[in-house]
Structures are given as C-alpha cells and as structure tokens.
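This report concerns only the one structure given below.
Just follow the structure's listing: the first ligand is 1, and inside any ligand the first atom is 1. None of these values were measured; they are calculated from a predicted model.
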Amino acid sequence: MKKINSGLPAIEGGKPVRKKVFPNVGISQGRSLGKEEMILASHVIESGNLFRLGGLRMVEQFEKDYAKLYRVPFAHAVTSGTASLHTAVAALDLEPGDEIITSPITDMGTAIAILTQQCIPVFADVDPKTCNITAKNIEKQITKKTRAIIVVHLFGSPADMDPILKLARRHNLRVIEDAAQAHLAKYKGRLVGTMGDIGCFSLQQSKQITTGDGGILITSNKDLYARAVLFSDKAWPRTQMGQTRGHLFLGVNYRMNEITGAVALAQARKLKGIVRKRRKVAHFLSRKLQNVDGIILTKILPDCRSSWWMFSFYPDKKKIRISPAEFAKALAAEGIPAGCGYIPMPLFEYPVIRDRKTFGSSHLPWSLPAARKNIVYDRNHYPGTMKALTELIVFSWCEGVSEKDALDVYNAIKKLVQYYSR
Ligand SMILES: Cc1ncc(COP(=O)(O)O)c(C=O)c1O
C-alpha cells in the first residue's frame with residue numbers, strides 16, 4: 001500500500017491534519033444554545049402570546065438586560081442586524097440624496113440600510129492591517145452632502161474610533177457603529193457600539209449570540225431612541241396617543257417577537273462567557289502564530305479587545321510561494337474551513353450599487369435631483385480594500401473552538417508554511 005507522507009499538504013495527496021469537523025457556528029457543538037433558551041421559549045409558547053406587547057415581555061427584558069450590559073439608557077430589539085442599521089439610519093431623519101460614508105468590506109445589510117432611506121453610500125478605504133476604515137480615509141470622502149458615517153468593526157475588531165469621532169464632530173456628522181460582528185468588543189476601555197450616536201448588532205446565526213435572525217440597537221440619545229422605536233413599529237405612537245393608530249411618518253414593522261426575545265434573553269445572559277471563551281482560544285492561537293515566519297496576523301489596535309467573530313491573517317507574499325487563494329484551499333484541505341477575502345468583491349461592485357438595481361428602473365437614490373452626480377465607485381481607488389479582499393485568509397471562529405482545535409489550526413498553517421516557503 002502507498003504510504004501517505006504526512007508532511008505533504010493534503011491538497012497534494014498528503015494526510016490532512018484534521019479529519020473531524022471543525023467546530024462552527026452552524027452546529028450545536030460550536031454554540032452555546034441549550035436548556036436556558038428552551039425553557040424561556042417554552043414559557044412564551046405556554047403563555048399563548050407571541051407578540052412583544054403583552055405576554056411575558058421577553059423582548060422588553062432582553063432590551064433591559066442588553067442596555068444594562070452596555071451601561072446605556074436605551075436598547076431596542078428588531079428583526080435583524082440589517083433592520084437595526086436601517087432603523088438607525090431612519091432615526092437620523094436624513095434627506096434623500098444625503099451621503100453616508102462606510103466601509104466597502106461589510107455585509108450588504110450596511111448598504112441596504114443606507115439605500116432604503118434613499119441615501120447614498122460612499123466608501124472609505126480600509127487599512128489592510130486592521131481591515132477597518134480610518135479617519136484619514138473617511139476625510140477624503142467627505143463632501144457637502146455627507147451627513148453620517150457608519151463605522152464597521154470588522155470581524156469583531158474595533159476600528160480606531162477616537163480620530164473618527166473627532167472628525168465627525170468637526171464636520172457635524174452623525175456616527176452609527178455597525179457592531180453586527182462585534183458584541184462586547186472593547187476600544188480603549190469603551191464598549192464598541194457605545195461611542196457613536198447609535199450602535200447596531202446582529203443576532204444572525206453566525207454572530208456571538210444568536211436567535212437565527214434578529215438585531216438590537218443601543219443609544220444614549222433619547223430622541224434617536226424614540227424615533228427608532230416609532231420607525232420600527234410603523235411609526236405607531238402607542239405611548240403618546242394610547243392605542244390610536246395615528247401613524248406619524250413612513251415606518252416599517254421590524255418588531256421582534258416573543259419567541260425570538262426569549263432566546264435572545266437567554267443568549268444575552270451568556271454573552272460575557274461566550275466572548276471570554278472566544279478570546280481565550282483566539283489569544284492562544286495568535287500567540288502561537290506570532291512566531292511563524294510567513295504569517296502576518298490581522299492587527300488588533302493597542303488597548304483594544306476583539307470579540308473574535310472571525311480569525312484572519314495574511315500569508316506573507318515574500319515568504320510563501322503560492323497565492324493566498326491557493327493557501328486558503330490548502331488549509332481547507334487540511335480540515336480547517338478557510339476562505340480567501342471574506343466577501344468576493346468590494347460592496348460597490350455588487351449589482352445593487354454597480355448597476356443601481358434599486359427601485360424599478362429608477363436608479364434611485366443616485367438619480368435624485370438632490371444627489372451628487374460625480375460619485376465614482378472604482379476598485380483602483382481602494383488599495384487597502386483590494387489587498388484585504390484578495391490576500392486575507394479568513395475562517396469562522398466560535399466559542400466551541402478549544403485550545404486543542406486551535407492547535408490543529410496552528411499545525412496545519414505551520415505545515416503549509418514549511419512546505420510552501422520560497
Ligand atoms: C458587518 C455587518 N453588518 C450588517 C450585517 C447584517 O446583519 P443581518 O444579517 O442580521 O441582517 C451583518 C451580518 O452579517 C454584518 O456582518
């Protein structure tokens with residue numbers, strides 16, 4: 001029988017480092033869902049009322065707990081991270097054609113929130129070391145039409161907020177933090193999501209805590225909170241006018257239901273422990289990889305703490321002779337499900353933005369008379385973004401990853417680095 005050479009990468013016919021499924025966010029071993037969620041959800045079903053108003057008020061309790069966790073006066077739960085961002089943008093009550101600057105490396109939900117309010121997304125380049133937008137790159141995109149910035153804390157790693165907040169103050173811009181991937185991440189002692197005007201979080205399946213789909217926003221601004229609550233409830237002024245249905249402006253229905261609220265409540269109570277676990281093992285792996293010549297870890301800013309949605313690094317092009325895409329494939333063949341680049345192209349190359357596929361054939365909001373006409377979306381203007389999207393190796397991280405699993409990652413990477421060194 002032919003002997004398998006374990007030093008040969010699996011992709012070249014060798015033996016993979018790992019045969020077992022790597023813990024992931026889509027299976028129970030990767031997650032923290034359990035009895036607590038089941039008990040609260042079954043209470044809701046037994047109560048006969050699944051609507052957030054009335055019933056057992058699980059959604060309300062989730063909001064209260066989340067606000068307490070973040071030490072902010074207001075939290076408002078909705079149906080998704082996209083819904084939380086859309087509600088946040090709507091709460092700012094901007095004019096159609098106004099511009100909002102954000103990152104080209106994010107989920108489409110960030111841009112959907114802007115476009116559905118008839119505002120125009122403008123993109124700042126990222127620093128490829130952190131994969132987050134910077135004040136310097138945001139400043140280059142500010143025009144007379146700019147009204148807000150949506151800062152994405154990619155992979156749970158905080159963007160450099162102090163200079164961004166300073167810039168925003170100087171230009172009188174609102175700041176929304178897209179912390180969809182960054183529950184309990186910390187920037188210089190402050191929790192991500194509490195530094196801008198509104199912080200938005202996703203509870204979609206892959207996030208640190210999950211209800212399958214769901215979202216929550218936090219704010220310390222009473223007026224923004226009031227408008228967010230109204231907007232996501234068809235602008236129905238329940239507290240002002242009793243139950244009178246005097247819908248005050250155009251809103252939507254993003255109300256979270258009680259079953260989702262019950263699961264969210266149980267999950268929120270586990271959040272600190274979940275993030276602690278993710279951090280502990282991610283730090284263990286980072287320390288080991290720091291000593292591997294040929295690997296450049298994505299930078300976490302000084303005095304910052306990631307909450308580790310994903311793990312990412314660059315193969316050093318000077319040392320490794322295969323491309324990052326090939327490296328990702330080889331790592332996947334070793335049993336570590338890695339990809340190259342997180343999303344396949346910058347956000348502005350998706351048909352929604354590139355071909356202005358929005359409302360019928362209108363090309364709104366770009367075709368609005370109020371819109372700036374010389375907006376260009378060109379990947380050549382985004383070297384940091386293109387480096388991250390073509391060279392970064394990314395794999396999903398979760399609280400189910402143990403130090404033993406992390407050692408497999410380390411061994412797989414080391415094996416590939418040794419084999420593919422120049
Ligand atoms: C950075 C970022 N923003 C927004 C969203 C949208 O959240 P959801 O999928 O819950 O609508 C996501 C979710 O993947 C995200 O990662």
Side-chain angles (χ1 to χ4, degrees), residues 24-26 62 66 75-90 100-117 119 121 123-124 126 130-133 148-159 161 175-185 192-193 196 198-218 228 232 252-257 260-261 263-264 267-268 278 298 306-312 339 341-348 350 352-353 385 388-389 392 394-398:
N24 70 63
V25 291
F62 165 54
Y66 211 77
H76 181 57
V78 288
T79 49
S80 69
T82 305
S84 72
L85 286 157
H86 184 196
T87 302
V89 173
I100 300 181
I101 298 172
T102 192
S103 171
I105 308 185
T106 179
D107 178 81
M108 196 64 205
T110 315
I112 290 170
I114 298 170
L115 289 167
T116 44
Q117 283 308 104
C119 292
F123 297 94
V126 304
T130 62
C131 300
N132 283 323
I133 55 174
I149 305 164
I150 301 184
V151 184
V152 180
H153 301 283
L154 201 72
F155 306 151
S157 169
M161 287 302 288
V175 176
I176 294 172
E177 289 180 79
D178 182 344
Q181 308 177 355
H183 295 257
L184 289 192
V192 157
I198 306 180
C200 298
F201 301 85
S202 166
L203 306 174
Q204 179 269 338
Q205 179 66 36
S206 67
K207 303 307 181 320
Q208 285 87 349
I209 54 172
T210 186
T211 56
D213 260 321
I216 187 160
L217 62 82
I218 58 173
S232 56
V252 294
N253 177 359
Y254 285 155
R255 291 186 303 249
M256 182 180 276
N257 69 59
T260 308
V263 176
Q267 283 275 282
R278 285 178 177 242
T298 317
S306 174
S307 54
W308 297 96
W309 183 60
M310 289 256 185
F311 198 99
S312 61
Y342 172 49
I343 54 172
M345 59 194 91
L347 217 63
F348 51 75
Y350 289 133
V352 181
I353 298 174
T385 298
L389 293 183
L392 197 69
V394 187
F395 57 94
S396 157
W397 198 248
C398 65

Donor-acceptor side-chain pairing of His76 and Ser232 below 3.5 angstrom: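 Distance-only check passes for His76 and Ser232.
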Heavy-atom pair with the smallest gap, counting every atom of [X] and [Y]:
X: Gln181; Y: Gln208; result: O-NE2, 2.9 Å
X: Ile100; Y: Cys119; result: CD1-CB, 4.1 Å
X: Thr298; Y: Ser312; result: OG1-OG, 2.6 Å
X: Ser157; Y: Ser306; result: N-OG, 3.7 Å

Identity and separation of the nearest protein heavy atom to [atom]:
atom: atom 11 (O) of ligand 1; answer: Thr82 OG1, 2.5 Å
atom: atom 3 (N) of ligand 1; answer: Asp178 OD2, 2.7 Å
atom: atom 1 (C) of ligand 1; answer: Thr106 OG1, 3.3 Å
atom: atom 14 (O) of ligand 1; answer: Lys207 NZ, 2.8 Å
atom: atom 8 (P) of ligand 1; answer: Gly81 N, 3.5 Å
atom: atom 2 (C) of ligand 1; answer: Ala180 CB, 3.4 Å
atom: atom 16 (O) of ligand 1; answer: Gln181 NE2, 2.7 Å

Report yes if some heavy atom in the side chain of Ile176 is under 4.5 Å from a heavy atom in the side chain of Leu217; otherwise report no.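 Ile176 vs Leu217: side chains apart.
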Report the relative orientation of the aromatic rings in Trp308 and Trp397; use parallel for angles under 30°, tilted for 30 to 60°, perpendicular for over 60°. tilted
Parallel, tilted or perpendicular: rings of His183 and Tyr66 (30°, 60°):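 Perpendicular: the ring planes of Tyr66 and His183 meet at over 60°.
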Can you sort out which atoms of ligand 1 are near [X], meaning under 4.0 Å from one of its heavy atoms?
X: Thr110; answer: 3 (N), 4 (C)
X: Gln204; answer: 10 (O)
X: Val152; answer: 1 (C)

Using a heavy-atom cut-off of under 4.0 Å, does the side chain or the backbone of Leu85 touch ligand 1, or both, or neither?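 Only the side chain of Leu85 comes within reach of ligand 1.
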Pick, from Asp107, Thr102, Val78, Ile150, the option with the minimum heavy-atom distance to atom 6 (C) of ligand 1. Asp107
Which residue from Ser202, Gly109, Gly214 reaches closest to atom 10 (O) of ligand 1 through any of its heavy atoms? Ser202
Checking Thr102 against Thr110 for the side-chain hydrogen bond (donor to acceptor under 3.5 Å, both in side chains) test, could you report, in this order, the C-alpha distance in whole Å, the side-chain angles of both residues, the deciding distance, and whether it holds? CA-CA 8 Å; Thr102 192; Thr110 315; 5.4 Å; no
